[in-house]
Amino acid sequence: MTLLQVNHLRCEYQHNPIGLGAISPRLSWQLQSADVHVMQVAYQIQVSCGLVGFDELELVWDTGRVESEQSTLIEYGGHSLQARGRYYYRVKVWDNKGNESEWSDTAYWEMGLLQTSDWEASWITPDATAIDPQSEEIFMLRKSFAARHNISRATLYATSLGLYELELNGNRVGDWEYTPGWTSYSSRLQVQAYDVTQQLAAGSNAIGASLANGWYKGDLAWNNQKSIYGNIRALLLQLHIDYDDGTAEVVASDASWHAATGPILMSELYHGETYDARLEIQGWSEPDFDDHSWAGVTELAQSKDILVMQENEPVRITEKLKPIALIHTPSGETVLDMGQNMVGRLHFRIELPAGTELSIQHAEVLDREGNFYIGNLRKAKQTVRYICKGGEEEYEPHFSFQGFRYVKIMGWPKDAALNLDQFTGHVLHTDMEASGAFECSHPLLNKLQQNIIWGQRGNFLDVPTDCPQRDERLGWTGDAQVFIRTAAFNYGVAPFFAKWLRDLKADQRSDGGVPFVIPHVLDENSHSSAAWGDAAVICPWTVYLSYGDKRVLEEQYDSMKAWVEYIRKQGSDEYLWNTGFHFGDWLGLDAKEGDYVGATPRDLIATCYYAYSTELFVKTAEVLGRTDDAEHYRELYNQIVSAFEREFLTPNGRLAAHTQTAHVLPLMFGLVKGSVRDRLAKTLADYVTEQKFHLTTGFVGTPYLSHVLSENGYHDVAVKLVQQEDYPSWLYSIHQGATTIWEHWDGIKADGSFWSDDMNSYNHYAYGSIGEWLYRVVAGLDLDESQPGYKRIIFRPRTDSGLTYAKASYKSVYGLIRSGWSTGVDGAVSYEFELPPNTTAEVRLQGALPDAISVNGADLSLAPGVIGFREEGGLLVLSLGSGTYRIYASAKVTA
């Protein structure tokens, strides 16, 4: 390997994306070097346009040598980008050691259709005189066409009102699911781009599309809402075929297409799918199919102004699980156990008599007698009906997904064998890149981490949903904001949240209020609770911290500002938030009997969040250079803090509310200082101790509770709290068989009975926010906010966490970061840290002395890569350059 290499080229976080809508795409790369303390000092980017190799193309942008450490999210600054243009790019860099890299391998991006005038296609739907547009049946559209020889590129662009799947010449187009995804359809509708060059043939071709209700027209939420966005399903499709001789053709959706219904009689996201295999139309998307008996189509006058190219990663099948057991329940049910509460669908291969009707129902848990339990699904049916055609056949639902661990099979012939090998669970979620891992010496904490991961996978299905099983599955803002930092450790979520935040901005009220769920599908009074609406500020700021992405702050700036101003205008005191509806400390265990809202005063919670959002907005204004706003809102922040002190603190510094959450929030958000802070922290620790190291917090207090304890001198209390195994605790549910995070601490009680059916999800990620504490505090992998995106890393492992080892890894935008530690029987501690090129780190070791430390076998003062060290507040603080470090601290340095 040469001394310096450039790899992992990305455009808008993606490898070789097609169909980009960003007018100024951003380019990123990573460095590779065997040396230590490697920093980029300059870069050069070259971009060319065309369809062939880089060296044969004409440059459209050459930066020349740019003196800069920046290697992430560098905005393209060349000639204007053209719709459908393919742009190749390569990078070389120089480092602080005097090395110059070779040119990187070439990567590319391809633009999509950028404006309405780029569309020749028309919106089409079946002729209503032949096919009832309100029918539950899934209809199919098709078109035959011819292509010439020597195709150089073929790109298909598609979207729909409803959900669509495409076939070309009898084969599925792409592997994306639930397209075009869920956005604020009245304002934004995504378009997907597919490279179908290899699927086209010279001569006859045919393309087909199936359309279902999906989020656009189907059932949503719990009030029998349907057709929220519209009542007609429709397709918009445009296929561009480029030839070697420079000519091109376009095949578009128009009045020449044909329509029919087929085997899918019903498909709803909540309720499942009904499929009659006897009605399958063989070869319907193949070129020689005779469609003369099919109905015609109608062109719709539907606007194209709201179209945007795909923004986040698509939903895909990411894993396949085999059932672990076949159960015959006490009530005589036949049930498959998948071994994992998953989100997706069941695929099966069977051979049963024609006309056999199977009914397949999905559920999360069994009841205490071991019977199939669906009470918590509310109105969601989660049932697939399949009618066999006879012979060997295979199937899985097309336009419905389920949240389940257990599957009840009904209608299986008594004389037919049922084998586990016939069934496979297909796990579905937004195909984010896995980025983080945590492991330690406590098996139950490791299981907790796995449950957090599975909860995120199940609920990050195009939008950050609260739950994936009942008649809800909505993008609750409060759940998203408390979990986003944990989410960003586990997976690369920048595009996922950037897309969702654009919908938040689109659905935000004219007065700045923020709906409870995004996309907004509830009534007009469902908006602007504290800690829920604050997602408008907290989420973009967290994306910026985790990825160094300023664009998300720029895009959301007006939305963030509008939210702060909305709060400011509430009530008679512009510095307190003591009016309006609030969820409060939702599901707090200190609630009154029969109440979902914890005992912490709602105006205290609201005012704390008011201060927090204002503070984050000030930081945002400073990052973006909006100095006037920064100054103005800094003064507002100071006034809010003063009002909080007057309203909620006694003259002697006692908080006027006596709950755990009431003490957590002002400590977490920095609203108290000095002796008052010390007093509140001690009181909080006493409250937790009095509860025998149990929490009483809900959705608002729980995410921050352990952080506040650890940060204020009570890490031992936080450790006992998190490692608690009886109710209420994170580990209690694991003893009850949980494989995901629950909505309620006692979703299944110790006697096997359930919390109320009304609201009892067994896959609800909000309390999984403890994952952030495991990464940042126990393993000690954190960032310096002044250099976001982990440009400067903070390693502060807590070896006093009641464990013998802990380790975490994270794939940052700069490369892999690792932080780990283990203790020996003699009290010595071994640490291991890794930081990628073009980053630096500060390591903070508890109670360490310089003369008792070795780094990679060398004395601290002589070790390569160690930039400096100092003693500070009982810590030994080391400054490190990039590299891998094995640090040994002898027993005498342990605090």
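One distance of note links CD1 of Ile640 with CD of Glu645; it measures 12.5 Å at 0.5 Å rounding. Taking NZ of Lys569 as the reference point, atom CD of Glu574 lies at 11.0 Å (rounded to 0.5 Å).
Across Gln5, Glu100, Glu102, a single residue satisfies side-chain hydrogen bond (donor to acceptor under 3.5 Å, both in side chains) together with Lys92, and that is Glu100. Applying ring-ring contact (aromatic ring centres under 6.0 Å, His included) to Tyr790 and the options Tyr810, Phe795, Tyr547 leaves one that passes, Tyr810.
We find that Glu12 and Arg551 are joined by a salt bridge, their nearest charged nitrogen and carboxylate oxygen being less than 4.0 Å apart. With salt bridges taken as basic N to acidic carboxylate O contacts below 4.0 Å, none links Asp784 and Lys791. Arg818 and Glu834 are joined by a salt bridge, as a carboxylate oxygen and a charged side-chain nitrogen come within less than 4.0 angstrom of each other. Taking 4.0 Å as the cut-off between side-chain N and carboxylate O, Arg844 and Glu872 do not count as a salt-bridged pair. With salt bridges taken as basic N to acidic carboxylate O contacts below 4.0 Å, one links Lys561 and Asp629. In this structure, Glu565 pairs ionically with Arg568, as a charged nitrogen and a carboxylate oxygen lie closer than 4.0 Å. The existence of a salt bridge linking Arg870 and Glu842 is confirmed by a sub-4.0 Å separation between a basic side-chain nitrogen and an acidic carboxylate oxygen. Ionic pairing of Lys97 and Asp95 is not present here: no N-O contact between side-chain nitrogen and carboxylate oxygen is shorter than 4.0 angstrom. With salt bridges taken as basic N to acidic carboxylate O contacts below 4.0 Å, one links Glu311 and Arg502.
Considering only heavy atoms from C-beta on, Pro540 comes within 4.5 Å of Met560 through its side chain. Annotation: side chain of Arg26 is in contact with side chain of Tyr13 (closest heavy-atom distance under 4.5 Å). Within the 4.5 Å cutoff, the side chain of Met39 has heavy atoms near those of the Thr840 side chain.
Applying the 6.0 Å contact sphere to CD of Glu631 captures no more than 12 heavy atoms from other residues, nucleotides or ligands. Around the CD atom of Gln639, the shell of radius 6.0 Å holds more than 12 heavy atoms that belong to other residues, nucleotides or ligands. The number of heavy-atom neighbours closer than 6.0 Å to CG of Asp105, taken from other residues, nucleotides and ligands shown, is 12 or below. Annotation: Lys550, atom NZ; neighbour count of heavy atoms from other residues, nucleotides and ligands within 6.0 Å does not exceed 12.
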Quiz: residues 481-493 side-chain donor-acceptor pairs under 3.5 angstrom, not counting sequence neighbours:
| residue | atom | partner | partner atom | Å |
| --- | --- | --- | --- | --- |
| Gln481 | NE2 | Ala531 | O | 2.9 |
| Gln481 | NE2 | Tyr609 | OH | 3.3 |
| Arg485 | NH2 | Asp782 | OD1 | 3.4 |
| Thr486 | OG1 | Ser769 | O | 3.1 |
| Thr486 | OG1 | Glu772 | N | 3.0 |
| Asn490 | OD1 | Gln449 | NE2 | 3.3 |
| Asn490 | OD1 | Tyr775 | OH | 2.9 |
| Asn490 | ND2 | Gln456 | OE1 | 3.1 |

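The side-chain contact (heavy atoms from CB on, under 4.5 Å) test applied to Gln70 returns Ser68, Ile74, not counting sequence neighbours. For His15, the side-chain contact (heavy atoms from CB on, under 4.5 Å) partners are Arg10, not counting sequence neighbours.
In this structure, the ring of Tyr43 has its center less than 6.0 angstrom from the ring center of Trp29. The aromatic ring centres of Trp563 and Phe617 sit 6.0 Å or more apart. The aromatic ring centres of Tyr76 and Trp109 sit less than 6.0 Å apart. A centroid separation of 6.0 Å or more is found between the aromatic rings of Tyr575 and Phe644.
With Ser529 contributing its side chain and Phe583 its backbone, the two residues share a donor-acceptor pair below 3.5 Å. Not a single donor-acceptor pair under 3.5 Å links the side chain of Thr430 to the backbone N or O of Met432. At distances below 3.5 Å, not a single donor-acceptor pair connects side-chain atoms of Asp549 with backbone N or O atoms of Leu73. For Lys499 (side chain) and Thr183 (main-chain N/O), no donor-acceptor pair under 3.5 Å exists by modelled atom type.
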Using the side chain to side chain contact (heavy atoms under 4.5 Å, CB included) rule, take Trp500 and Cys539 through it: C-alpha gap first, then chi angles, then the decisive distance, then the call.
CA-CA 10 Å; Trp500 185 72; Cys539 289; 4.2 Å; yes
Just do the side chain to side chain contact (heavy atoms under 4.5 Å, CB included) check on Thr116 and Leu307 with the steps written out, would you?
CA-CA 8 Å; Thr116 304; Leu307 299 180; over 6 Å; no
Chi angles and distances behind the side chain to side chain donor-acceptor pair (under 3.5 Å) call for Gln40, Ser71
CA-CA 8 Å; Gln40 176 185 295; Ser71 58; 4.5 Å; no
Please test Tyr704 against Leu667 for side chain to side chain contact (heavy atoms under 4.5 Å, CB included), starting from the C-alpha separation and ending with a verdict.
CA-CA 9 Å; Tyr704 306 126; Leu667 288 166; over 6 Å; no
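With a 6.0 Å cutoff to the six-membered ring centre and a 45° limit on the axis angle, Arg626 counts as a cation-pi contact of Tyr557.
Ring geometry, Phe496 versus Phe460: the interplanar angle falls under 30°, so the pair is classed parallel (tilted spans 30 to 60°).
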